[in-house]
Amino acid sequence: MSEERSLNFIEEIVEEDIAAGKNEGRVLTRFPPEPNGYLHIGHAKSICLNFGLAKKYNGATNLRFDDTNPVKEDVEYVDSIKDDVRWLGFNWANELYASDYFDKLYEFAVELIKKGLAYVDDSTPAEIAAQKGTPTEPGTPNQYRSRSIIENLELFAEMKAGKYPDGAKVLRAKLDLAAPNMHLRDPLMYRIKHAHHHRTGDKWCIYPMYDFAHGQSDAIEQITHSVCTLEFVPHRPLYDWFINKLNIFPSKQYEFARLNLNYTVMSKRKLLQLVEEKHVDGWDDPRMPTISGLRRRGYTPASIREFCERIGVAKRENMIDVGLLEFCIREDLNKTAWRRMAVLDPVKLVITNYPEGQTEIFSGENNPEAEDGDGSREFPFSRELWIERDDFMEVPAKKYFRLGVGLMVRLKNAYIIKGEDFVKDADGNITEIHCSYIPESRSGNDTSGINVKGTIHWVSVAHAKTAEVRLYDRLFKVEDPGNEDGDFKDYINPDSLQIIPNAYIEPDLANAVSGTPVQFMRKGYFTLDKYSIPDKLIFNRTVTLKDGWAKKGS
RNA sequence: UGCCUGAUAGUAUAAUGGUAGUACGACGGUUUUUGGUACCGUUUGUCUAGGUUCGAAUCCUGGUCGGGCAACCA
């Protein structure tokens, strides 16, 4: 019962509405993506909000594609959006499309023309812009504004019939050219586009603008709370105006601040650019803040939902630290991911007093966080092991409690060893470390009485399997690449992907299952990439483990 | 020099005229066969100037700073 949580301002509004008996207590929200790109973590915030509201107040949520601009939209995006919403764990009441309402919207437009509230304008885009004036100067009406209702009706019908080329005419609301809110200066309702639509095909050559589609779609569906982001605040008077003049269901619009995450970009335009210019491996590149990218990276739906819960909902601009997202996935995976050993940057360790050719089988629990360790698996131990290069220091730093000459450390689930010596090549790189082991320190049966501070992971050289491991870092070098001088792409982090072609993994890891996260002990959480095959395993690092030691170093 | 919006620890987010709290981060400690986890502790905040009030983060006025708005995009 986490009912301790205080309400966000939208939940407050909903509760007030319910208490006041508005809409008979009914709550119906919608999630209205335009199918012109893949969903990202910012959309996840909106999805969690809209679907969460409905869930909390016994309502429902429609998935409505805002597909009023055929030249930018595509079924590929429709499909990915549905996948992503489902993957996040939400079910929509109805799958709908603004294009379902094109006929109705056309009737609405005719109705407004008949009421003298809309007119056909033959001006060019430049002329219309000029006639709109500026924020400090009112706009000026043109000759078309006073066309008769009859003429407007005829022209609009001709627009629909395809008599005019793209851009020749538009339908505009007759509102207020002097309005201080620029959106009210006779906004466009329809434009001519002889374009093929992904659902309506070639039926239409005129398409409604957002402002003449969204509110009416909400009203048609009887959406009670239409939740969108802050940039639509100035559109709200228009939203209400159309609903009022059309005398249709009074949906209400509420706006919240969109999510900004540091070290990434969140605009579909920029994400599209990264994809098209091949800076990343598609929309689902694990470095992308897209839902599909996060999924491929190894994020879980629960971790993303938790993240959206923690960031809250308010109206002030915000910049969330990506560290919070990382906290959420660690918190989730810590409880569920099985532990395995893998050596990413190997150096050979030779146990000089361990018999050559001997092999012992050790076991380790799958997850120390689980009740009974969640079972266990076995792995072989022998005289030569791979260990992590940075688990040995030629000249140990103070408080370094791993391996060094004369230093003792435990090999996880095996013996305590003592560093004895090391071998270097001509370039001065350490190629081999020699140590001795304490036979009485066998894991689970330790009678040595020795206490060591450090424990390191290892993989037997003779038994190790290999895998490609991909380490990801933030995609951009700066917190807010979209707000820096110059092109945001100038700030791409050149080291955002590091590929380790041949990491050594413990034998059991050969059985890794796609979609099942695993923790490489002391290294982080990993998941199989979509291109991984049994003959060539590829692991993506989802996130590192928190590393208190590394932090002090830097 | 128009209109709309917003401003609470480093980052987010509560407190709805009555003790400024929570989370993440940072820092310190305990436990630990993951320098992980868990647990404990510390640190840092109401943009500013007035006003109303017994009492203001909250209400009022002025200012400052941030964001948005003049696409045949959504």
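Basis for what follows: all heavy atoms, side chains included, without hydrogens, waters or symmetry-related copies. In what follows, every chain begins at residue 1, and chains take the letters A, B, ... in the order their sequences are listed.
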[X], nearest nucleotide to its side chain (from [options]):
X: A:Glu369; options: B:A70, B:U37, B:A14; answer: B:U37
X: A:Trp549; options: B:G2, B:G35, B:C4; answer: B:G35
X: A:Phe327; options: B:C24, B:G36, B:A12; answer: B:C24
X: A:Arg310; options: B:A23, B:G35, B:C72; answer: B:A23
X: A:Arg316; options: B:U13, B:C72, B:U33; answer: B:U13

Rounded distance (nearest 0.5 Å) linking atom OH of A:Tyr207 with atom NZ of A:Lys193:
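It comes to 9.5 Å.
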Distance (rounded to the nearest 0.5 Å) between A:Met319 CE and A:Tyr263 OH
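A:Met319 CE to A:Tyr263 OH: 9.5 Å, rounded to 0.5 Å.
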Go through the structure and list residues passing ring-ring contact (aromatic ring centres under 6.0 Å, His included) with A:Trp458, not counting sequence neighbours.
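A:Trp458: ring-ring contact (aromatic ring centres under 6.0 Å, His included) contacts with A:Phe379, A:Phe381.
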The criterion is ring-ring contact (aromatic ring centres under 6.0 Å, His included); which residues satisfy it with A:His198, sequence neighbours excluded?
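Partners of A:His198 by the ring-ring contact (aromatic ring centres under 6.0 Å, His included) criterion come out as none, since no residue qualifies.
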Answer yes or no: is there a side-chain heavy-atom contact under 4.5 Å between A:Asp166 and A:Arg191?
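The answer is no; the side chains never approach within 4.5 Å.
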Please state whether the base of B:G35 and the side chain of A:Arg522 form at least one donor-acceptor pair under 3.5 Å?
no
What contact category does [X] fall into here, base, sugar-phosphate, or nothing, at under 4.0 angstrom with non-hydrogen atoms?
X: A:Thr544; value: nothing
X: A:Glu137; value: nothing
X: A:Pro368; value: base
X: A:Asn334; value: base
X: A:Lys523; value: nothing

So if I apply the side chain to side chain donor-acceptor pair (under 3.5 Å) rule between A:Asp186 and each of A:Arg145, A:Arg172, A:Lys174, which one comes out positive?
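So, applying the side chain to side chain donor-acceptor pair (under 3.5 Å) to A:Asp186 and each of A:Arg145, A:Arg172, A:Lys174, only A:Arg145 qualifies.
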What is the distance, to the nearest angstrom, from the NZ atom on A:Lys546 to the P atom on B:C27?
10 Å
Expressed as a whole number of angstroms, how long is the span from A:Phe401:CZ to B:U34:C1'?
12 Å
Rounding to the closest angstrom, what is the interatomic distance between [N] and [M] at atom [atom1]?
N: B:A26; M: B:G18; atom1: C1'; result: 33 Å
N: B:C4; M: B:A38; atom1: P; result: 48 Å
N: B:C27; M: B:G6; atom1: C1'; result: 33 Å

Report yes if the distance between the aromatic ring centroids of [X] and [Y] is under 6.0 Å, otherwise no.
X: A:Phe212; Y: A:Phe242; value: yes
X: A:Tyr299; Y: A:Phe307; value: no
X: A:Tyr239; Y: A:Phe232; value: no

Would you tabulate the nitrogen or oxygen pairs shorter than 3.5 Å linking the protein to nucleotides 42-47 of chain B?
none

RNA chain B: stems of at least 3 consecutive Watson-Crick or G-U pairs, cut-off 3.5 Å?
B:2-7 with B:64-69, B:10-13 with B:21-24, B:26-30 with B:38-42, B:47-51 with B:59-63
Do any pairs count as a salt bridge (Lys or Arg N to Asp or Glu O under 4.0 Å) and have a residue in residues 256-273 of chain A, sequence neighbours left out, and if so which ones?
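Salt bridge (Lys or Arg N to Asp or Glu O under 4.0 Å) check on residues 256-273 of chain A returns A:Glu231-A:Arg258.
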OP1 or OP2 of B:A74 sitting under 4.0 Å from any side-chain N/O of A:Thr68?
yes
For RNA chain B, the residues among residues 169-187 of chain A that have a non-hydrogen atom under 4.0 Å from it
A:Val170, A:Pro180, A:Met182, A:His183
